[in-house]
Amino acid sequence: MEKQVIDPSIKSIPIEIEPPKQADHGDFATNFCLVASKTAKTNPRALAETLLPAILAISQNRHPHVGGDPALENQGSLNSSLPAGEGKGWGINTQNIGNPETSPLLSAEIAGPGFINFRLNPAWAAQFLTEVLENPTTFYKPKNDNPQTINVEFVSVNPNGPITIGSGRGAAFGSALCNVLEAAGNTVHREYYINDGVNSEQMRLFAESVKAIIEGRPVPDNGYKGDYVHKTANSISTLLNFANVNSERAGDIFLKFVQDFINATDLSEYPEMPIAAEKLLGLAEKLKQADALSSDHSELELIRYFAEGSMVRSQSDDLRVFQTNFDTWFSEQSLHDSGLVEQELQHLLASNVADDAPTRTKVVFAKGGIIKEVLKEGQPIDGDVENVEGFPPQDWGGQGGVESPPLRFNGEGDQGGEVSQSTSSTIWLRSTKFGDDQDRVLKRADGRLTYIASDVAYHKDKFNRPANADKLITVLGPDHHGYIARLTAVVAAMFSDQVAPLVNPEPLTEHEALIYTSIAERNQCQAALAWAKDHLEVQIFQIVRFLKDGKPAPMRKRDGNIYALIDLINEIGETLKPDGTTEEKQQAGSDVARFFYLMRHHDTAMDFDLELATKQSDENPVFYVQYAHARICSVIDKAIEEGISLPIGEGLREGSLEYLHLLTHPKELALILKICDLQNEIARTAEDYSVNRLTTYAIELARTYHSFYDSCRVIQPDQPELSQARLALCEATRTALQAALELLGVSAPNRMDRAERPT
RNA sequence: GCGCUCGUAGCUCAGCGGAUAGAGCACCAGCUUGCGGAGCUGGGGGUCGGAGGUUCGAAUCCUCUCGAGCGCGCCA
């Protein structure tokens, strides 16, 4: 036969190798010939027939090993652990290849329109187990050629109530995402943003609600009414009574209490402590001032500090139970106190992306993000503030000039004061220059700063955690969808003076002329926007609808109809482990809730059936997975009792893995391949953040094991070599299961209590 | 109006442009003188909302359309 010449340009086409859905199509298949046929200027089948023998020349005598084939190294993670095809001949008929002990492949064949199907040599594939057993904590971590430092902010609810089951989804997703990003070789910083700015209307309302309860008045309209509000009010009430009766000593006593508490706490494990402690210490200082309680104003501050501090504490306690931990709890107010907000505001003004001109630009977009209309609105001189609910505040001083914030712990930290201290002009962020649909207020005419102003400083500061962070990921709830554009605009505006402008000599369009003053400005701003989109990724998780008695249950903090995450955890735990310790109950509850949240893609709405989660929770797939783990542990224990050695970790004995080639059963091969696949799943998850993939993987791995277990008896005293090989497979499976569950934040129990079966 | 998301088995949902679209629950029939039966094996069940388009090939990508959910504050 004549030697075929293949167009060399097909070298640039990526090779994809996947396990086919049909088992009789082999263990792996590649569609390369289908993809490359056009480039190669031939039909797929002919290309396959030419290519197969050409591939053969690469590796006639491969040694069995696990790891990358240099020829395939750059083609993707799964592929790198696969062998290259080798053999003679081609055609529809299966070709047997190499010798049965060491050849990677049993066969390779051309099928269908031009697929090449590979059948692995199980004995060769089993060598992968050596890798697993020798490196149980790293075998599943994919190679990462471009490791990044990433700040991930998630949960970040207001300190005015417990973590709800709604926020629970963000906690589960965010924490699991961090785990996966880390496993994929990145450096991750977990961050919680405490919305404790003294300007916050919501927090003021919260404090006023607590105060009303203390004083026996009805809470304000739209105020907070839940049980926890009363609980907080009661403890403050006790404190206040004590302080009033014994004001000269109350502060000292409370101060000592707080300090003892702090001293007894390992701060490295409780990163939120400085914030909560700061608030509580502030409260103690207040109590020490004899006249502190004389004015209504101060008492509200005091109540607010206590309420916020205790809420932050209880939130962090609940999250810790939920296997959700943070490196940094960041206080919004600290940005004001340190002057960073004012500093960044000046920066924006200096960069000409913010000003106090009395107009606002609004952009109307047509479908596809095309600008349809640009409107310039004049700013009402009066009345714009009064339209806002609750304004002007009667008894609450804001910052920036009306009054100083009530307490200071970080020295001066006042508002700087170069911009209008207390009067007249609203300061606008010209966010329409950065793709937002309207300009945003940074500073109100009365001098108070908006939430966006904090955001500017916050996002700049965030890039320091980790140092010189490559990327910020912010996980937000479904009600924050409209926030993406302005947040991106904020980041773009902040760095607008630091990026290279686009090169675009096109004159300004009619619309652009209303937004930008020059071509240069447009090119600068659009470059900044591109930079921002590149460095800030907002991940929205969709709504969780809670079903109680089959009907949607409303979930609002303010009307008290609230369902706390910790209550859900406790209820599930109570059902599952009625005789367990609190810790055991919460572990079980957390496991079920986390798995439940993580089973669905974060960006799709999900129903959370409260009956199912609490009452019928043994139907939850998490038990299926955990049962597989417990079962393996049991088998291993039993095997060791029977004198079968298990080669793991430091006890790895030379030669003890020499029988792995006996693992030739189809179920054994399937299990080995599934374990091998974990690395690939993690790599993909780190790319597209679809953490739910790992729950699916865990279920499939468990199923593959159960199926193997049913077909292949592990402990067979008359076949010690096979037993040992299968035991190694069991341990490798256990290791992979444990790794997957750990990433999900779900425990991998060594044993599980049998459920009581109704008779 | 604009934006985001979803529509796949009776129900809840998986599904990386590939070959005959999968799992759990529910239903039916089996499996243990053997390592945990919370398990395994098999079966019935589908116009992947609809219509076009791109492609050798579409549940997957594009456009349109129908239906459902959510979001668009000088709130945070």
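First the proteins, then the strands, lettered A, B, ... as listed; each starts at 1.
- Between the side-chain ring of Phe115(A) and the base of A19(B), a stacking contact exists by the 5.5 Å and 30° definition.
- When the C1' atom is compared between U8(B) and A21(B), the two are found 8 Å apart, to the nearest whole Å.
- Proximity note for His706(A) (side chain, C-beta onward) versus G39(B), C74(B), C70(B): the nearest is G39(B).
- Ile540(A) places its CD1 atom 12 Å from the C1' atom of G3(B), with the value rounded to the nearest Å.
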Just the table, please: protein N/O against nucleotides 51-59 of chain B N/O, every pair under 3.5 Å.
residue, atom, partner, partner atom, Å
C56(B), OP1, Lys38(A), NZ, 2.9

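- For the salt bridge (Lys or Arg N to Asp or Glu O under 4.0 Å) test, residues two or more places apart in sequence or in another chain that qualify with Arg726(A) are Glu668(A).
- At least one side-chain nitrogen or oxygen of Arg360(A) sits closer than 4.0 Å to the OP1 or OP2 atom of C74(B).
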Considering only nitrogen or oxygen atoms on both sides, find all protein atoms under 3.5 Å from nucleotides 8-14 of chain B and state each distance.
residue, atom, partner, partner atom, Å
U12(B), O2', Arg600(A), NH2, 2.7
C13(B), OP1, Arg600(A), NE, 3.2
A14(B), O2', Thr696(A), OG1, 3.4

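- The residue among Cys712(A) and Lys667(A) whose nearest nucleotide of RNA chain B lies closer to the 5′ end is Cys712(A).
- If you check every strand for non-hydrogen atoms under 4.0 Å, Arg703(A) touches sugar and phosphate atoms only.
- The side-chain contact (heavy atoms from CB on, under 4.5 Å) search around Ala172(A) returns Phe322(A), Tyr597(A), Leu598(A), not counting sequence neighbours.
- Proximity of Tyr624(A) to the phosphate of C40(B): a side-chain N or O atom is located under 4.0 Å from OP1 or OP2.
- Using the six-membered ring where Trp is involved, Phe596(A) and Phe608(A) have ring planes that are parallel, under 30° apart on the 30 and 60° scheme.
- Mapping Cys633(A) and Val441(A) onto RNA chain B by nearest heavy atom places Cys633(A) at the nucleotide closer to the 5' end.
- Partners of Asn692(A) under the side chain to side chain donor-acceptor pair (under 3.5 Å) rule, at least two apart in sequence or in another chain, do not exist in this structure.
- Residues satisfying the salt bridge (Lys or Arg N to Asp or Glu O under 4.0 Å) test with Lys667(A), not counting sequence neighbours, are none.
- Scanning for salt bridge (Lys or Arg N to Asp or Glu O under 4.0 Å) contacts around Asp437(A) gives Arg440(A), with sequence neighbours left out.
- Panel note: side chain Ser200(A), backbone Met203(A); a donor-acceptor pair is recorded below 3.5 Å.
- A salt bridge links Arg430(A) with Asp439(A); the closest basic N to acidic carboxylate O contact falls under 4.0 Å.
- If you check every strand for non-hydrogen atoms under 4.0 Å, Ala628(A) touches nothing.
- Within 4.0 Å of Ser634(A), counting heavy atoms only, lies at least one base atom of the nucleic acid.
- Pairs engaging residues 713-723 of chain A under the salt bridge (charged side-chain N to carboxylate O under 4.0 Å, His left out) rule: none recorded [sequence neighbours left out].
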TODO: Kindly express the pairing pattern of RNA chain B in dot-bracket notation, using | wherever a base pairs with another strand and counting only Watson-Crick or G-U pairs under 3.5 Å.
DONE: (((((((..((((....[...)))).(((((.......))))).....(((((..]....))))))))))))....
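- Distance check on atom P: G22(B) versus C35(B) gives 33 Å, rounded to whole Å.
- Rounded to the nearest Å, the gap between the P atom of U20(B) and that of U32(B) is 37 Å.
- Distances were taken from every side-chain heavy atom of His480(A) (C-beta onward) to each of C74(B), C40(B), A76(B); the shortest belongs to A76(B).
- Note on Arg444(A): a side-chain N or O is less than 4.0 Å away from OP1 or OP2 of C75(B).
- Note: CG (Asp718(A)) to P (G34(B)) measures 14 Å, nearest angstrom.
- Taking atom NE2 on His481(A) and atom P on C72(B), their separation rounds to 10 Å, with Å as the unit.
- Rounding to whole angstrom units, CG of residue Asp688(A) and P of C16(B) are separated by 9 Å.
- Atom CZ in Phe623(A) sits roughly 18 Å away from atom P in G37(B) (whole-Å rounding).
- Taking a centre distance below 5.5 Å and an interplanar angle below 30 degrees as the stacking criterion, Tyr709(A) stacks against the six-membered base ring of C35(B).
- Nucleotides G45(B) and G50(B) have their C1' atoms positioned 23 Å apart, rounded to a whole Å.
- Taking atom CZ of Arg486(A) as the reference point, atom P of G71(B) lies 14 Å away to the nearest angstrom.
- Between the base of C70(B) and the side chain of Gln542(A) there is no donor-acceptor pair shorter than 3.5 Å.
- With sequence neighbours excluded, the residues forming a salt bridge (Lys or Arg N to Asp or Glu O under 4.0 Å) with Glu700(A) are Lys674(A), listed by chain and number.
- Nearest heavy atom pair, residue His459(A) against residue Leu487(A), reads CE1-CD1, 3.3 Å.
- Comparing the C1' positions of G15(B) and G73(B) gives an interatomic distance of 40 Å, to the nearest angstrom.
- In this structure, Glu537(A) contributes its side chain and Val475(A) its backbone to no donor-acceptor pair below 3.5 Å.
- Comparing the P positions of G57(B) and G53(B) gives an interatomic distance of 12 Å, to the nearest angstrom.
- With rounding to whole Å, Lys372(A) atom NZ is found 10 Å from G3(B) atom P.
- With sequence neighbours excluded, the residues satisfying side-chain contact (heavy atoms from CB on, under 4.5 Å) with Ala630(A) are Met752(A).
- Rounded to the nearest Å, the gap between the P atom of C75(B) and that of C62(B) is 38 Å.
- Here Glu332(A) lies in heavy-atom contact (under 4.0 Å) with sugar-phosphate atoms only.
- With sequence neighbours left out, Ser723(A) forms a side chain to side chain donor-acceptor pair (under 3.5 Å) with no residue at all.
- Distance check on atom P: A76(B) versus C66(B) gives 38 Å, rounded to whole Å.
- Rounded to whole Å, the distance from CD1 on Ile543(A) to P on G3(B) is 21 Å.
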